[in-house]
Amino acid sequence: MDAFYASVELLRYPELKGQAVVVGGRRDHTPRDLPDGTRRYARLRDYTGRGVVTTSSYAARDLGVFSAMGLMKAALRAPDAILLPADFEAYRRHSRLFKAAVAEVAPVIEDRGIDEIYIDLSEVPGIREPVGHDPLGGIRSVAREIKNSVLKATGLTCSIGITPNKLLSKIASELDKPDGITILMPEDIETRVWPMSVRKINGIGPKAGAKLLALGIETIGQLAAASPAFLLEHFGKSYGAWLHEASHGRDNRPVVTHSEPVSISRETTFEHDLHAVHDRAELGAVFTRLCEQLAGDLQRKGYVGRTVGLKLRFEGFVTVTRDLTLDAPIDGAAELRHAAGLCLKRVDLTKRIRLLGVRIGNLSHRSDVPAATTSRKTARSDGKAAAENLPLF
DNA sequence: TCTGGGGTCCTAGGACCC
DNA sequence: TCTGGGGTCCTAGGACCC
């Protein structure tokens with residue numbers, strides 16, 4: 001989907017079309033309706049805090065404002081940009097709508113988050129039929145059908161890359177954004193993919209990109225020209241071999257239509273860093289609330305888990321995690337709070353805390369686990385009681 | 001002006017078992 | 001008498017993605 005969150009907001013606030021719009025921040029920047037029928041929007045320049053850009057409109061991107069950028073930094077680049085709060089409820093709703101619309105045309109879909117999917121088009125009727133003198137006509141018309149279906153269902157545009165595999169499709173989908181269709185065949189790799197930065201490959205991030213650059217490799221073509229032995233030497237057996245394959249556009253991963261979650265988590269970054277001793281009451285309350293939210297998530301989704309994880313991020317952005325695997329799976333707030341509290345005892349709490357998070361893994365479906373082997377205390381003995389028994393927070 | 005929240009996967013060492 | 005080979009599980013950290 002094209003600039004998904006920002007585009008969903010434009011459906012609500014159509015007068016913002018074409019303007020620099022940024023979605024992000026945790027405070028309430030909801031536009032105010034004025035008596036004269038106009039709206040008053042928050043501007044990026046008025047923002048203070050630790051929020052980041054979740055999505056920026058294309059006009060905002062032209063000003064150098066991108067996802068994951070701190071809002072304060074974004075405000076320096078685009079002080080007049082309009083700031084909207086994220087409304088995940090609305091995005092999830094539009095996500096379900098667009099996925100259902102695609103499924104009408106091509107039902108073999110792999111979920112890749114709220115605004116992306118892979119679609120296996122192999123079995124879509126007519127996909128291999130030429131249209132007139134165009135051998136790719138069938139492909140083009142399926143792509144147009146998908147886009148029309150999505151537009152009709154949501155009012156939103158998307159960009160599609162059609163290629164022999166997921167790796168190339170991900171790259172291709174970004175070549176003609178927004179509202180694009182890009183078809184890429186193996187014979188196009190040399191001319192269209194090799195000139196691109198290695199960073200365009202899904203799986204080469206900031207670290208690997210910088211390391212490759214330091215080795216004199218900037219483009220995918222240069223990566224393809226590197227010897228496998230060289231890549232193995234610098235990146236290890238697994239990643240090195242993958243780099244080589246990826247540079248040649250080779251990828252045989254299937255489109256996976258169903259998957260089970262591995263872990264579920266809740267975390268929060270504080271507006272100001274907190275100290276374990278000085279801000280104990282506040283930390284304890286947040287800790288308990290995170291456990292309650294996580295327990296709610298587990299129970300709503302019907303999972304229980306055996307491995308409880310604690311995450312702390314300190315001033316200076318140093319992150320520490322502690323895990324504890326229990327004998328029996330749990331899904332209750334009090335049990336989570338207790339297990340995470342045991343993890344907390346293993347952390348040095350001298351430095352002030354920026355982020356606190358609780359995670360649960362080793363998941364099973366609650367319905368698959370005999371009741372006697374799970375433990376969840378009932379409502380009365382929940383988080384608060386557990387919190388009082390712990391020396392920290 | 002320091003950098004959200006929710007995830008997945010990989011690596012590597014140690015415990016433990018046969 | 002100076003120590004095999006394989007396997008699984010647990011833990012911690014880190015890269016990467018949406």
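The figures that follow rest on heavy atoms only: side chains count, while hydrogens, waters and symmetry mates do not. So that the names make sense, note that chain A is the first sequence line, chain B the second, and so on, each numbered from 1.
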Q: Dot-bracket for DNA chain B, please, read 5' to 3', with Watson-Crick or G-U wobble pairs under 3.5 Å on both distances, ( ) within the strand, [ ] crossing, | other strand, . unpaired.
A: ....||||||||||||||
Q: Just call it for A:I201: base, sugar-phosphate, or nothing, with non-hydrogen atoms closer than 4.0 Å on any strand.
A: sugar-phosphate
(Q) From the set B:dG6, C:dC18, B:dG4, return the single nucleotide nearest to any side-chain atom of A:T54. (A) B:dG4
Q.
B:dG6, OP1 or OP2 - any side-chain N/O from A:R359 closer than 4.0 Å?
A. no
Q) Where the side chain of A:V262 is defined as all heavy atoms beyond and including C-beta, which of B:dC9, B:dG7, B:dG5 is the nearest nucleotide? A) B:dC9
Q | Any donor-acceptor N or O pair under 3.5 Å, side chains A:T157, A:D2 | A | yes
Q. Roughly, in whole Å, what's the span from CG in A:L310 to C1' in C:dT11?
A. 13 Å
Q) According to the 5.5 Å centroid and 30° plane-angle thresholds, does A:F317 stack upon the nucleobase of B:dT3? A) yes
(Q) Check this for me, if you would: do A:D251 and A:K166 make a salt bridge, where the nitrogen-to-carboxylate-oxygen distance has to be below 4.0 angstrom? (A) no
Q | A:T268 vs B:dG5: side-chain N/O to OP1/OP2 distance below 4.0 Å | A | yes
Q.
Tell me whether the side-chain N/O atoms of A:R306 come closer than 4.0 Å to OP1 or OP2 in C:dC9.
A. no
Q) Under the side-chain contact (heavy atoms from CB on, under 4.5 Å) test, which residues partner A:S238, sequence neighbours left out? A) none
Q) Among residues 108-120 of chain A, which contact DNA chain C at a heavy-atom distance under 4.0 Å? A) A:R112, A:D115, A:E116
(Q) Heavy atoms only, 4.0 Å cut-off, all strands: where does A:G49 land among base, sugar-phosphate and nothing? (A) sugar-phosphate
Q.
So if I take residues 56-83 of chain A and measure heavy-atom distances to DNA chain B, which residues fall below 4.0 Å?
A. A:A68, A:M72, A:K73, A:L76
Q) If you look at every strand shown and take non-hydrogen atoms under 4.0 Å, does A:V52 touch a base, only sugar-phosphate, or nothing? A) base
Q) Looking at B:dG5, C:dC16, C:dC10, which one has an atom nearest to any side-chain atom of A:R26? A) B:dG5
Q. Between A:E15, A:H29, A:R32, which is the residue that forms a side chain to side chain contact (heavy atoms under 4.5 Å, CB included) with A:Y41?
A. A:E15
(Q) Using a strict threshold of under 4.0 Å (side-chain N to carboxylate O), is an ion pair present between A:K170 and A:E116? (A) yes
Q. Should the pair A:R92 and A:F88 be classed as cation-pi, given the thresholds of under 6.0 Å to the six-membered ring centre and 45° from the axis?
A. no
Q | Nucleotide of C:dA15, B:dG6, B:dG5 approaching A:S265 most closely (side-chain heavy atoms) | A | B:dG6
(Q) With a cut-off of less than 4.0 Å, is there a side-chain N or O of A:R354 near OP1 or OP2 of B:dG4? (A) yes
Q: Considering just the side-chain nitrogens and oxygens of A:R50, establish if one lies under 4.0 Å of OP1 or OP2 belonging to B:dT3.
A: yes
Q. Given the rule in the salt bridge (charged side-chain N to carboxylate O under 4.0 Å, His left out) test, do A:R359 and A:E267 qualify, once you have shown the distances and angles that lead to the verdict?
A. CA-CA 8 Å; A:R359 185 174 47 86; A:E267 65 183 51; over 6 Å; no
Q: Report yes if at least one side-chain N or O of A:N202 is closer than 4.0 Å to OP1 or OP2 of C:dC18; otherwise report no.
A: yes
Q: Ignoring backbone atoms, establish whether A:T321 has a side-chain N or O less than 4.0 Å from OP1 or OP2 of C:dG13.
A: yes
Q | Least distance between heavy atoms, A:A143 atom then A:I162 atom | A | CB-CD1, 3.7 Å
Q: On DNA chain B, check which nucleotide each of A:S238 and A:F88 is closest to and give me the residue with the more 5' one.
A: A:F88
Q: Using side-chain hydrogen bond (donor to acceptor under 3.5 Å, both in side chains) as the criterion, list what pairs up with A:R289, not counting sequence neighbours.
A: none
Q | Short side-chain donor-acceptor distance under 3.5 Å, A:S173 and A:S159 | A | no
**Q.** Distance test, side-chain N/O of A:R322 to OP1/OP2 of C:dA12, below 4.0 Å
**A.** yes
Q.
Taking the six-membered ring for Trp, are A:F230 and A:H234 closer than 6.0 Å centroid to centroid?
A. yes
Q) What nucleic acid atoms does A:V320 come within less than 4.0 Å of, heavy atoms only: base, sugar-phosphate, or nothing? A) sugar-phosphate
(Q) Tell me if a side-chain donor or acceptor on A:R250 pairs with a main-chain N or O of A:E245 at a distance below 3.5 Å. (A) no
Q | Atom pair distance, as rounded to whole Å: CG in A:D2 and C1' in C:dC18 | A | 15 Å
Q: For the pair A:D297 and A:R300, find out whether any cationic side-chain nitrogen is under 4.0 Å from an anionic carboxylate oxygen.
A: yes
Q) For A:L312 and C:dG13, what is the distance between atoms CG and P respectively, to the nearest whole Å? A) 10 Å
Q. B:dT3 P sits how many Å from A:E267 CD, rounded?
A. 15 Å
Q: Answer with base, sugar-phosphate or nothing: what part of the nucleic acid does A:K211 contact at a heavy-atom distance below 4.0 Å?
A: nothing
Q. On DNA chain C, nearest-nucleotide positions of A:T307 versus A:A208: which is more 5'?
A. A:T307
Q: Provide, to the nearest angstrom, the distance between the OH atom belonging to A:Y47 and the P atom belonging to B:dC2.
A: 11 Å
Please tabulate, for side-chain N and O atoms in residues 148-155 of chain A, each donor-acceptor pair with protein atoms closer than 3.5 Å (sequence neighbours left out).
{"from": "A:N148", "atom 1": "ND2", "to": "A:R144", "atom 2": "O", "distance (Å)": "3.3"}
{"from": "A:S149", "atom 1": "OG", "to": "A:A101", "atom 2": "O", "distance (Å)": "2.8"}
{"from": "A:T154", "atom 1": "OG1", "to": "A:V150", "atom 2": "O", "distance (Å)": "2.7"}
{"from": "A:T154", "atom 1": "OG1", "to": "A:L156", "atom 2": "N", "distance (Å)": "3.0"}

Q: Identify, between A:Y239 and A:V53, the residue whose nearest nucleotide on DNA chain B lies closer to the 5' end.
A: A:V53
